[in-house]
Number of protein chains: 2
Amino acid sequence: MTKGEETRQMIIKSAAPIFNKKGIAATAMSDIMDATKLSKGSLYVHFENKDELVMTVVDYNMQLLGSKVFETLRKARSAREKLIAYIDVLSTPVNPIVEGGCPMLNFGMEADDTNEVVTKKVNEAVVFSQQIISDIIKKGIDEGEFSNEWNYKDFALVMFAMIEGGQLICRVARNNRKMQVIKANLLEQISRWEL
Amino acid sequence: MTKGEETRQMIIKSAAPIFNKKGIAATAMSDIMDATKLSKGSLYVHFENKDELVMTVVDYNMQLLGSKVFETLRKARSAREKLIAYIDVLSTPVNPIVEGGCPMLNFGMEADDTNEVVTKKVNEAVVFSQQIISDIIKKGIDEGEFSNEWNYKDFALVMFAMIEGGQLICRVARNNRKMQVIKANLLEQISRWEL
DNA sequence: TTCGTTTATGACCGATTGGTCATTTTTAAT
DNA sequence: ATTAAAAATGACCAATCGGTCATAAACGAA
């Protein structure tokens with residue numbers, strides 16, 4: 001990796017939590033200068049403008065979340081265990097696995113009325129997240145762990161919505177506890193289709 | 001109502017959808033000048049600074065949502081009908097009843113890492129929303145419509161989370177359809193406790 | 001109608017924004 | 001060690017930010 005590429009990656013890693021916490025509009029290039037200890041001119045060597053940095057950072061945050069989720073899922077064996085692992089890894093919105101909280105929620109809500117490109121990126125991540133859940137259940141059905149009468153695609157949507165809604169509730173409450181109520185409800189729905 | 005109070009209300013009504021769409025940080029006082037056709041000095045006659053306007057507008061948007069929900073609930077008779085009405089009135093996130101979408105989601109996600117006062121306001125609204133759902137079910141139980149074994153407080157939390165998660169999904173998808181999947185799941189859970 | 005008070009105006013302020021660029025320093029292939 | 005390219009610097013720019021204030025217009029009670 002060249003020096004330039006290393007610097008670019010360092011900028012992205014430093015900027016990612018700032019944009020995810022403060023938001024796109026509220027984050028100034030000067031914030032990134034402070035975080036990276038780089039001069040303004042240097043930032044613009046690696047990124048054409050703020051928008052290019054924003055797009056890169058939005059992608060980075062969502063991919064970071066994805067990789068953390070996959071890493072957790074890998075450790076679980078059965079489909080049921082994987083579903084529980086998926087819920088658990090997102091069960092501490094106040095101490096989130098990605099600094100600043102779920103980037104789909106953060107960037108999605110900021111961008112939905114103002115930034116079509118970011119909105120599209122978030123939508124793709126939202127669809128992909130449901131696909132992950134959906135695939136876990138599908139495999140569980142194929143391997144005889146769940147009933148094949150389960151409308152698992154609809155459930156994946158519901159499960160994702162419940163978890164994201166739980167993020168809002170817990171983050172403004174400054175408390176992770178209510179996420180356990182959501183987990184319990186999901187577990188009950190899951191158990192109804194277990195064979 | 002004095003001339004001043006009329007102007008103040010006009011400013012709030014004009015500013016509310018702008019802040020709810022663009023976000024607090026991205027909205028400039030010049031945006032409010034354009035929307036109200038008022039001079040900058042005039043805005044500062046009615047509001048000490050941007051922050052006071054922001055606090056007023058955040059409250060206004062959430063109260064507006066509340067009043068629209070109550071208005072809808074009033075028309076429904078049974079507890080079941082009220083629950084359905086509650087879901088239905090929030091089932092079109094792309095064409096929301098409050099311009100810009102759910103203010104709890106919008107302001108909550110922007111403020112949770114940067115603005116403690118707004119976060120507290122949103123949390124109170126989130127708790128209140130669950131209380132409304134909870135009260136509907138409690139009344140239904142007392143009047144023999146639902147089983148008294150239903151853990152309705154936990155369900156109120158789950159229902160609220162599902163609806164808010166649905167807002168995210170639908171708004172970034174630019175499509176209300178998936179809200180019907182969430183509604184169906186909620187209806188099924190509700191029906192399991194009907195007598 | 002008078003007249004003090006309230007409301008509205010817009011020029012102005014310092015600070016900060018995103019972005020540029022001539023210059024210097026560092027890198028890395030030869 | 002040489003040297004051309006890449007990377008880093010920071011002064012500088014116009015535009016916009018939130019906010020102020022002297023002044024004027026409009027209001028409303030007497």
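Every chain is numbered from 1, with letters handed out A, B, ... down the list of sequences.
With hydrogens and angles disregarded, no donor-acceptor distance shorter than 3.5 Å links the side chain of Gln189(B) to the backbone of Gln189(A).
Checking dG19(D), dT17(C), dA7(D) against the side-chain heavy atoms of Ala28(A) singles out dT17(C) as nearest. If you check dT9(C), dA8(D), dG19(D) against the side chain of Ser39(B), the one that comes closest is dT9(C).
Nearest-nucleotide mapping onto DNA chain D: of Lys50(B) and Thr2(B), the residue sitting toward the 5' end is Lys50(B). Residue whose closest nucleotide on DNA chain D sits further toward the 5' end, between Thr27(B) and Met1(B): Thr27(B).
Glu5(B) places its CD atom 17 Å from the C1' atom of dG28(D), with the value rounded to the nearest Å. As a whole-Å value, the separation of Leu43(A) CG from dG18(C) C1' is 11 Å. Taking atom CE of Met33(A) as the reference point, atom P of dG18(C) lies 11 Å away to the nearest angstrom. Between His46(B) atom NE2 and dC27(D) atom C1' there is a gap of 13 Å when expressed in whole angstrom units. What separates CZ of Arg8(A) from P of dA8(D) is a distance of 13 Å, to the nearest Å. One atom, CD of Gln9(A), and another, C1' of dA7(D), lie 16 Å apart when rounded to the nearest Å. To the nearest angstrom, P of dC13(D) lies 17 Å from OH of Tyr44(A). In this structure, Ile32(B) places its CD1 atom 9 Å from P of dG18(D), rounding to the nearest Å.
Shown here is Lys68(A), whose NZ atom has no more than 12 heavy atoms of other residues, nucleotides or ligands within 6.0 Å.
Residue Ser129(A) forms a side chain to side chain contact (heavy atoms under 4.5 Å, CB included) with just one option from Met62(A), Glu124(A), Met104(A), and that option is Met104(A).
Residue Gly4(B) is in sugar-phosphate contact alone, with no base atom involved, counting any heavy-atom pair closer than 4.0 Å across all strands shown.
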Derivation and outcome, side chain to side chain donor-acceptor pair (under 3.5 Å), residues Asn95(B) and Asn176(B): CA-CA 8 Å; Asn95(B) 324 96; Asn176(B) 292 327; 2.9 Å; yes
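Side-chain atoms of Lys40(A) and base atoms of dG18(C) include a donor and an acceptor less than 3.5 Å apart.
In this model, the phosphate group of dT16(C) is not approached by any side-chain N or O of Ser30(A) to a distance below 4.0 Å at OP1 or OP2.
Here the CZ-CD1 distance, from Arg80(B) to Ile137(B), works out to 12.5 Å after rounding to the nearest 0.5 Å.
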